[in-house]
Amino acid sequence: MTSEKNDEQLERMRHSVAHIMAEAVQCLFKEAKFGIGPTIEDGFYYDFELPRALAPDDLPVIENKMREIIAQDAPFVREELGKDRARELFATQPYKLELIDEIPDASVIVYEQGSFTDLCRGPHLASTGKVRAFKLTHVAGAYWRGDEKRSMLQRIYGVAFGSQKELDDYLFRQAEAARRDHRRLGKELDLYSTHEGIGPGLICWHPRGALIRQVIEDFWKAEHIRRGYEIVYTPHIAKLDLWKTSGHWEFYRDHLFSPMEVDGQQYLLRPMNCLGHISIYKSKLRSYRNLPVRYAELGTVYRYERTGVLYGLARVRGFTQDDAHVFCRSDQVEDELAEVLNLAQFMMSSFGFDKYQLLLSTRPEQYVGTVPMWEEATECLKNALERLDLRYEVDPGEGVFYGPKIDIKLEDAWGHVWQGPTIQVDFNLPQRFDVCYIGEDGLEHTVVMIHRTVLGSMERFLACLTEHYGGVFPVWLSPVQAVIIPIADRHIGYAHEIEASFKNDGIRVRVDDRSERMNLKIREAQLEKVPYMLIVGDKEMDSCGASLRLRSGEDLGLESLAEVKNRIRTAVEAKS
RNA sequence: GCCCGAGUAGCUCAAUGGUAGAGCAACCGACUUGUAAUCGGUAGGUUGGUGGGUUCGAAUCCCCUCUCGGGCUCCA
């Protein structure tokens, strides 16, 4: 069977399982009202309105009912009905009636199996007995038709595969994703925490998380300076009027922390860093000769996110963007965009991300500026992408109101997609703030402004990075690069000598000088995912070396200290 | 924000209306160890909330509230 045909067959089965689940629910709840039940990746769901809330305990009951239905091997029967007949059939099903009304054709198709009939285009399996492996996974609320203003239904999610083995593989992959989850690893590896007393979505970076962040930030800064950026620092609050001028107050009021009053003036906690950079740019007259100006800042911003959307480090209320703004002439835009894109790509590959999506977002319904401006800027973005020979997709109408953009999206362990780096052309702020330069002609010209991040935010980036590596950070990012494990107390002095020497060479090293057995120390270093373990006992002291164990479990035996250092240094340089 | 679920010691979890318990971690002591957990002891909780209620009695039942989780909606 071709894989395409296989996919089609699987799709058909998943959809059929959704119907079987609906039948089971109907058997258990006569009053059930049915929403829709499509297939999704790996499985399906079905939305119901039920007389009571479903609990996780209900799932096995429903599954058992489904198995009965499958055992009956009832055929799926397709029938085409006139709409009036269909309305009669679904007279007690308001959601189905709504769907029937929206079908443009004169007739509709229904599928019947056993005691259950559903409005459905199909196709389905020949009979219920053809179902192979399935499992109901979880219950959740979902708005009817995805509309926040309409009623909330209960959704049951399930997965289905062509064989029990594939289902088992799926469940194993889910367990693996749970192990890689940055919220779990963040706790296990002691990277960060949040606190009820501080507030949701506000992150405390523990020493180890902070160390990873410092390494990233140092790397980021050096790379930016090398590429012609200048580092700046700007305030975290600013007068409300400034945010009114910028349009943020008008457009994003729902996403801002409430203003605070200081000396009779309203101030706002910043949701973006651009205004400080604009203010610096505007602090003196600028000549066309000195453009582009590139200001970079690891700028912490605060945005009010609705409680239900917060997620570990990936969606928070206070975060630090690796932000920069490029002020340039319109004839420089394309080159600048290509440079930024190149930098973003460089960053992604430096951190081992080889799988990411590139999306070009075009003009939305609400926008500022003129259509020709948008077209020109979009063209510049497109040319930059093509110049670097990058594969991308167009996301129509998904641009920001102030300009088109390119987003880089990263996937987490669960397959959730997060916006990482973003490159945005802005027509709005330069006009609103009259950001300009003196041209060759001696006249004032408005600059073009590019907002960009090449990591996204430090918080979200660490989330993706942690899940990408499953907590096994490459040596250059490992908070502790080596643990020295003395075998007996008489080796502790020697261990500290090695520590001093390694520290002197910039290696992040620690001695485990507790009065514990070597095996325990190895185990703990292993759980901590420390790349190198240096075991030192009599033999090592005599030869002035150390026995090296890797976190892979590999025992490399006795090496000289110079060899070990060299090994670590090489790994750091290779960012591996 | 909405629907559902969960919150017990630093962590992972037990106790289903009748005196809150275990393992790991912490602390103390012994052991001095050769590649993933040495042994013994001590201490630690007004059960998310210096919330409210039912009950002779609440970790357990109800209400409020906070936080977390699964989704939906949202995401400059």
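Every chain is numbered from 1 and lettered A, B, ... according to where its sequence line falls, protein lines coming before strand lines.
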Check every atom of G5(B), A76(B), U33(B) against the side chain of K405(A) and return the nucleotide holding the closest atom.
A76(B)

Name the nucleic acid region contacted by L153(A), choosing base, sugar-phosphate or nothing; use a 4.0 angstrom heavy-atom cut-off, strictly under.
nothing

Ring centres of F461(A) and F353(A) under 6.0 Å apart?
yes

Does K149(A) make a side-chain N or O approach to OP1 or OP2 of G1(B) shorter than 4.0 Å?
no

Rounded off to whole Å, could you give me the CD-to-P distance for the E524(A) and A25(B) pair?
7 Å

Minimum-distance nucleotide to E196(A) side chain [options: A36(B), U38(B), G48(B)]
G48(B)

G10(B): pairing nucleotide in any strand, Watson-Crick or G-U under 3.5 angstrom:
C24(B)

Measure CH2/W144(A) against P/U73(B) and give the value in whole Å, please.
13 Å

Do R303(A) and V316(A) have side chains that get closer than 4.5 Å, going by heavy atoms?
no

Within 45 degrees of the axis of the six-membered ring of F473(A) and under 6.0 Å from its centre: does R551(A) put its NZ or CZ there?
no

Pair assignment for G69(B), Watson-Crick or G-U wobble, requiring both distances under 3.5 Å
C4(B)

Give one of base, sugar-phosphate or nothing for K521(A), where a contact means two heavy atoms less than 4.0 Å apart.
nothing

Between U67(B) atom C1' and I198(A) atom CD1, what is the distance in whole Å?
13 Å

Any strand is fair game: report the nucleotide pairing with A76(B) by Watson-Crick or G-U wobble, both distances under 3.5 Å, or none.
none

Base of G71(B) and ring of Y157(A) stacked, centres under 5.5 Å, planes under 30°
no

Whole angstroms only, please: what is the NE2-P distance between H416(A) and C75(B)?
18 Å

Side-chain contact check for M518(A): nearest option of G34(B), A76(B), G1(B) is G34(B)

Do the rings of Y157(A) and H138(A) sit parallel, tilted or perpendicular, given the 30° and 60° boundaries?
parallel

Kindly point out which of G70(B), G34(B), A76(B) is positioned nearest to the side chain of K539(A)?
G34(B)

Rounded distance in Å - NZ (K187(A)) to C1' (C24(B))
15 Å

Could you work out which one of A76(B), C72(B), U38(B) sits closest to the side chain of M152(A)?
C72(B)

Are F48(A) and F34(A) an aromatic pair, judged by ring center distance below 6.0 Å?
yes

Go through U33(B), G71(B), G34(B) for me and flag the one nearest to the E540(A) side chain.
G34(B)

Report which part of the nucleic acid S547(A) touches: base, sugar-phosphate, or nothing (heavy-atom distance under 4.0 Å, all strands).
base

When both hydrogen-bonding distances must be under 3.5 Å and the geometry is Watson-Crick or G-U wobble, what is A36(B) paired with, if anything?
none

Ignoring hydrogens and geometry, is there a side-chain-to-backbone donor-acceptor pair from H491(A) to M541(A) under 3.5 Å?
no

Rounded to whole Å, please give me the gap between CG in D512(A) and P in A36(B).
15 Å

Of the nucleotides C2(B), U33(B), A36(B), which one has an atom closest to the side chain of L527(A)?
A36(B)

Can you see if the side chain of R145(A) gets near the phosphate of U73(B) - specifically, an N or O under 4.0 Å from OP1 or OP2?
no

Y170(A) ring centre to R173(A) NZ or CZ under 6.0 Å, with the angle to the axis within 45°?
no

Short side-chain N/O contact to C75(B) OP1/OP2 from R306(A), under 4.0 Å:
no

Distance in angstrom units between Y143(A) OH and C74(B) P, rounded:
10 Å

Looking only at atom P, what distance separates U60(B) and G51(B), rounded to whole Å?
14 Å

Which of the following nucleotides, C75(B), U32(B), A76(B), is nearest to the side chain of R490(A)?
U32(B)

Name the closest nucleotide to the A488(A) side chain, picking from A76(B), U32(B), G71(B).
U32(B)

Taken to the nearest whole Å, CG/D395(A) to P/C75(B) is 12 Å

With a 3.5 Å limit on both atom pairs, tell me what C56(B) is paired to, counting Watson-Crick and G-U wobble, or say none.
G18(B)

Would you indicate, yes or no, if G70(B) has its OP1 or OP2 atom less than 4.0 angstrom from a side-chain nitrogen or oxygen of R183(A)?
yes

Just N and O in the side chain of R549(A): are any of them under 4.0 Å from OP1 or OP2 of A36(B)?
yes

